[in-house]
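Okay, structure first, notes after.
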Amino acid sequence: MSGNTQHHITHRMVPLICQALITSPDNEIVWLEGLRLLTNPKLQTALALSSSIWLPLLLKGLEVSKPRSVTSEALKFLHHVADTLAPIKSCLVKPLRVLGQDTSASQLSDFVSAIEKLDIVVWDSKHNVIGRPRSSTNQHSNVTTPLPPATPIPVPTSSKQHPLLDGILAHNLPPKTRTSQHAWTQILLSSTHDNPGVWLYNLYQATLEASNVPELVVSARLQDDPALKAMVDDQLVSLLSDNEISKDIAVAILDLLAFFDKNKVQVSPKVLDMARSSALTHFQGALNQPLPGIVLWYIEQEAESFPIQANIQNLVEANIRVGQAGYDAAWSSVLWLEKDWQFEPEPIWITQLSHWQEALDAQDKIDEKQQGATTYPSFTTRMICYDYERRNTSHWATAAAWHMGDFEAMSDYLAFHPKGTSKSLYKAIIDVYNGEYASAFHHISKAQSLSYDELQVQLGNGPQTALRSLAKTELLVELQEVIQYKSQPELRDSILTTWKTRFKRSHADPNTWLKRLEIWTLACPATTFQLQNCFLNTAKLCESAGMHEAAQSIIKRITPDVQPPVAYTKLRFEWKSAFHQDDVEKMENILQKLYNHVLDFLQHIKVDPSKLEAEGLGLQPATSLEDHPQLVRQIVSRRYYRLAEWHAVLQGNDWLYDPNSTVLAFTCLAAKLDTNCGFERQDGIAVSGYIVPAIRGLFQAARTRESPEYVIKALLRLVTLWFRFGEAQAVLVEVENQLNLTAIDLWLSAIPQLIARLGTHHKALQSTLLTLLKNISSQYPHAVIWPLLTATETQTVEHQEAARVIMNFICTMPDGTRLVDQAELVGKELIRISISWMERQDLMERAWEDVPALWESDIRKLQLPETPNEEQFVQQFGTQLQYIYKTLLRYRSNKQQNLIHTAYAELYKLYGEIDAQINQWRLPGSGLQIGSTAPKLLTLRDCILTVPGQYDPHLKLDDQAFIDGFHPAIDIVASKQLPRKLVIHSYSINYTFLLKGNEDLRGDERIMQLFKLINTLLNHHSEAFNRNLHLLPYEVVPLSPSTGLVSWVPNTQQLQAIIQANRDKNKQHSLSDKEQASLLGYDPVTFNPRQNKPRLDPSAESDRYDKLPLEVKVERLKGALSHSKQSDLKDVLWQRSPSSEIWIKRRTNFARTIGVGSFVGYIIGLGDRHGSNILVDQLTWGVLHIDFGDLFNVAQERSFAPEKVPFRLTRMMTNAFELASRGGVQTPGSRGTFKQASLIVMDVLRDSHSTLLAMLEAFLYDPLLSWTVGDTELSHAEMEAGHSHKDNNPDNQDPHIGTKNDPLHQSIRHEGLNTTSAKATAIPIIQSENSLIDTYFESDSYLARVSESGMTNSKALHVLAEIERKLLGYNKESEQSLTVNRQVQELIEEATDLKNLSQGYVLGWIPHW
């Protein structure tokens, strides 16, 4: 296992164990096992970095109420982490003293050893000291330097201290025998050289004795006592200047000074200067020696203050020494040195960063200056680079030599091959070739042992990862069989049969199959008759995988004259080669060879070719081969189909207009001969010749289960083709045949796409789909129940009825009726909770005569209220609503204007009263009670319904998370839409959701599906995996077209709220006012919106700003930026990090997740990225995007306040990155961790463009989704929603807040279908090889059909074309494809350009933040 993998596993184990303890507070077995696992020595490093996670659980385990077995394990764990807890052991005093009063606990040996190691004085119930803590005997016995006698100094008391706080502190802190002044006087002036560990311990202990919070009290005392401060400053300078001081003491002092910086406590300049100097002098060392993170902070501060060459060189080495988290920053610092100082970097730096070729180039430049003299550093650098490259390529070189039959070179390369299963396998192969069977068996046995261990590790990462190791085990078995084949001739026939059978059942991987063939050729030649089909199939697989030379090599090794299939396959390969070379003459010769081959075969089976070919066109059946076996008919069919295909290539489109075309005749003949293909004349050659084979191939691709992204790509493309051409009988026949061969579980990842198409008007197509969904439901009813529930709530009658058919089918299954009833009950009640009757105000933009029809069903509901809240609503507003309804009915019949005035007055009054009550819900702490809102949920018993979004088909049913109940209290999140925070109880854990009303979450669900696919792609890319690049998806479960559940993301805060909270903390309200004043053109000195000076109207201000010339907007933005350093995020990141090591990891993770989210968002055209739509995980500082309402460049296509940036990358964000990402560059973010993550992500996305387009295509053609891809307007209500960012209480923040409008205030926008053909609108389409979009623009017949039926959005092709442009490397109007580096750089420049940032809705977007 690699060190990187081990690191990931160990650092994820602690949170997982703690999560198990949290979810099982009363389970003794779980606590015993969890605490035992935490004491594993392998987790020691992870425990030191995650004390904030496990310390509360440790305190819980030390409670008196816990069983003594749990207490004993907790004490063992406490003893294990005593060194980690030493600086904060004061928090353990009270729980240990309470535990000491319990006789059974105080007698535990683990209890005594724990308190002795922590040196805490604890008394038992008889007031006897337990154990022998050092502080109870002689606290300073180990200090050898004489100290002045301690003079008792009275402890000052604070009159401002609250009595309750005094009591709490008195019971939790050790007695204060000395003041901090006396403690620091004694310890600081003592020698650090006698015993540095004791000196450091005494400093901690003395400070703890006199302090509530050590660092805060010390900093306060230093400010209050100038004499003490001067003495401490001098002593700190003396300590830091001491070259022989212990590194532990130096780190402690540097940490203390950094803490002062976090709390903005002034430190003497001479102390800071000495601290920076000490960080350099005391921690010099080799590049492979670890460096404390705090040293990097000081070095970076020095480099930022004085960006000179020497400081940047120090920054390079410091970033290298902090480990993987600093490598990208180190490389960026190297580039900074090269650009600004023309400094030639040290080759050893570059080798540490694994840039091998760059290291050799740098060494070559140095050697040239030394006129060819070989130096030791040069030799070392070259040896490192060459050795790495040799070891890195030895595996491939060994395999290549084996396939070329050069066993001598294979032995040479094998000397540099890393140890493992492969090396032992190759050694065994060489032994078999040389006839040394005893040695071969030894190496086979060793390889089998190693492969077992390798397989155990890889199985933990999933079955797909373990496939290659499984293939190696098969090769080892076959190698043993080769020895048997050569030594026991009587077994040869059975061994050949076994090989053929095993080959058919094996995973189709070209590299594995090639190795298998090479193993066989050690026993028998490639011309062996029984194995020829295996060789042919391998050649075909290699050709399809782009391994053309390997395929040609196989064909050459087998004899073409023995079997006709060999000659046919050889001609296919020759045709492909000629086609790529565009050699028309050669293609014509190959075509003639194929025709002659067909004639020879027909002559061999005694069939007249002219008579057979005459049966191609027309309705008559092909009778010439009716007496021949089906295999022969298939062979002839394939060859005539290939003849037709090649003729079509050579003739171009001319054959389409020739009624006697050879292409048409041969294609129809092939269709008649091979009845299993489902070809029929009336389907047309396009469907029969292309669509049906494509569908068959996609089914086969999905069944291979090669990888998750491979399967989902095949299924999504399959669904699109199926429903695009499903009206053709040949397609339906093929789909039904293939469905019978395909496992049901493959379809689980495509359930949303299948259910979305239930409303198709084609009955045969719908019937096939219903059959498939019934089959899925029969095995996985919990996987389909929630999507089906949503489908029953749609407005389309056909969709509702089809979904109901499947629900009725589920009812016929055991417990099916109970499952459906519970799902409908939960769904209905959650919808009721999501939006109350008071919030259903959607009439202000309706015509008055339409209101009665809209109100008709609601007025009927007023007669039958079902909950206490609804009854209360009827009592308060029922009479008014009935009066307004009757008035509008009268107006509809007689059109009297005075009735409108009466109704409007009453309605305005009614809405005023309702709004007043709704505003009460926006107050902190507001909530609902299920008992009065949805009391039926409290009646659920023995629920067999799984928690939404938590069903796992890989778990047994008994292990699923079933709903056990609902928390009776529901919090209301104080955002515009007032979503509800809902807690669902399960038997093992509680799940928290955000219940959202008035919002269609089906689009968000599809985007989360896309994010999971992208995460899979990133995990399979080595550079992305090593950097842990990923998106942060969350569960989205739609309940209806306007309601849904979103999993609650804990520990997150909005980006905008972080900045605002920091300014509130530092009382910088005036700074925000000045920035806003400069942006809007007011005087920053007199501007005070809190006192209505002036009274701002966001709508009017936005109108005025939008009409300004671009130059004026840029100047105003520059004015807003001039008021601060835009360092709020940078400061918060530093201040909230408990240690410098955590700070480095958080900063790196912040930059990387910003890069991943930004460029994925760019590809899908994600807009509206204001600070409230970007969340930051407060533990990891990973960035999470929410609210996907503005997709596919909608925000950039608005006519009012369009966005011009591809993603959000403001100076506030780039300043939070490492120094190298912004130092010495004109465009911040052009180097560093963010840039490197962006390059890797963009490279992965571009390499996987066909997979992404397949999924996005399925989304865009989803009939249930209303992707808004046309022109949209930003209403003033949306502006006000974005502008209102004053309430930043973290407890009231919605982790999934958007800026969608309340229906009361938004205009009703009709989404009509534009039936214009795809060619009618001009859009730049890139003619690229294998373009998914090119084929769609060839004909718009399908678009016309689906547009008329309402099954798709008419602009979907244009959206896909624009996305494909991005994935092919085209930015905006660029005419040539850009490299990944150039494309990423241009996008970063666009995102940070003030001309782009100054446009759009700046009041809500806040470009200076």
Side-chain angles (χ1 to χ4, degrees), residues 1056 1072-1084 1087 1094 1096-1124 1126 1158 1161-1162 1165-1171 1173 1190 1192-1215 1222 1225-1230 1271-1276 1278-1280 1282-1283 1285 1299 1324 1362 1366 1370-1375 1378 1382-1409:
Q1056 183 172 298
S1072 300
D1073 293 342
K1074 288 178 181 178
E1075 292 172 339
Q1076 191 176 33
S1078 297
L1079 203 61
L1080 298 179
Y1082 292 97
D1083 183 3
F1087 184 79
L1096 291 180
D1097 181 354
S1099 300
E1101 295 294 344
S1102 298
D1103 286 335
R1104 283 196 292 270
Y1105 185 89
D1106 191 57
K1107 295 174 183 177
L1108 293 173
L1110 179 57
E1111 295 77 10
V1112 177
K1113 293 180 179 178
V1114 173
E1115 289 303 318
R1116 287 192 176 183
L1117 179 56
K1118 288 181 179 179
L1121 292 170
S1122 66
H1123 295 294
S1124 73
Q1126 290 83 48
S1158 296
Y1162 161 72
L1166 179 60
D1168 197 28
R1169 295 299 89 196
H1170 55 75
N1173 280 342
D1190 286 346
F1192 310 127
N1193 293 332
V1194 167
Q1196 295 188 355
E1197 295 176 3
R1198 287 193 297 250
S1199 59
F1200 177 79
E1203 294 181 5
K1204 298 297 182 182
V1205 293
F1207 43 78
R1208 185 182 187 91
L1209 189 64
T1210 61
R1211 290 190 185 178
M1212 192 79 75
M1213 297 166 69
T1214 56
N1215 285 344
R1222 60 185 188 277
V1225 290
Q1226 186 176 1
T1227 303
S1230 296
D1271 292 336
T1272 57
E1273 300 295 331
L1274 182 65
S1275 68
H1276 292 310
E1278 284 178 312
M1279 296 181 210
E1280 293 179 17
H1283 179 61
H1285 57 274
T1299 55
E1362 183 59 32
K1366 297 175 183 178
Y1370 294 84
N1371 285 351
K1372 289 191 175 179
E1373 304 301 327
S1374 58
E1375 297 180 358
L1378 306 173
R1382 186 67 242 166
Q1383 184 183 19
V1384 169
Q1385 182 59 32
E1386 285 189 3
L1387 291 171
I1388 293 174
E1389 290 172 1
E1390 287 180 30
T1392 55
D1393 190 350
L1394 295 185
K1395 292 181 181 178
N1396 294 330
L1397 285 167
S1398 63
Q1399 300 184 70
Y1401 179 56
V1402 296
L1403 286 178
W1405 213 85
I1406 317 181
H1408 49 280
W1409 279 13

Original post:
CG of Leu1387 to OG1 of Thr1392: how many Å apart, nearest 0.5 Å?
Top reply: 10.5 Å
Original post:
When rounded to the nearest 0.5 angstrom, what is the spacing between CD in Glu1203 and CD in Gln1399?
Top reply: 11.0 Å
List the atom pairs, donor and acceptor, that lie under 3.5 Å between side-chain atoms in residues 1205-1212 and the rest of the protein, sequence neighbours left out.
residue	atom	partner	partner atom	Å
Arg1208	NH1	Arg1169	O	3.3
Arg1208	NH1	Trp1405	O	2.9
Arg1208	NH2	Trp1405	O	3.2
Arg1208	NH2	Ile1406	O	3.1
Thr1210	OG1	Trp1409	O	3.1

Show which side-chain atoms of residues 1105-1117 pair as donor or acceptor with protein atoms under 3.5 Å away, not counting sequence neighbours.
residue	atom	partner	partner atom	Å
Tyr1105	OH	Ser1398	O	2.6
Lys1113	NZ	Asp1106	O	3.3
Arg1116	NH1	Leu1080	O	3.1

**OP:** Output the distance between atom CG (Asn1173) and atom NE2 (His1170), rounded to the nearest 0.5 Å.
**Re:** 3.5 Å
Subject >> Partners passing side chain to side chain contact (heavy atoms under 4.5 Å, CB included) against Arg1382 (at least two apart in sequence or in another chain) >> reply: Leu1378, Thr1379, Gln1385, Glu1386, Glu1389
Original post:
Quick check: does any side chain N or O of Lys1366 sit under 3.5 Å from a backbone N or O of Tyr1162, one acting as donor and the other as acceptor?
Top reply: yes
**OP:** Please name all residues satisfying side chain to side chain donor-acceptor pair (under 3.5 Å) with Asn1396, sequence neighbours left out, ordered by chain then number.
**Re:** none
Original post:
By side chain to side chain donor-acceptor pair (under 3.5 Å), which residues pair with Asn1215, not counting sequence neighbours?
Top reply: none
Original post:
Gln1383: what forms a side chain to side chain donor-acceptor pair (under 3.5 Å) with it, not counting sequence neighbours?
Top reply: Arg1246, Asn1371
Original post:
Quick one: side chain to side chain contact (heavy atoms under 4.5 Å, CB included) partners of Ser1078, sequence neighbours excluded?
Top reply: Pro1084, Ala1120, His1123
Subject >> With sequence neighbours excluded, residues passing side chain to side chain donor-acceptor pair (under 3.5 Å) with Glu1101 >> reply: Tyr1082, Arg1104
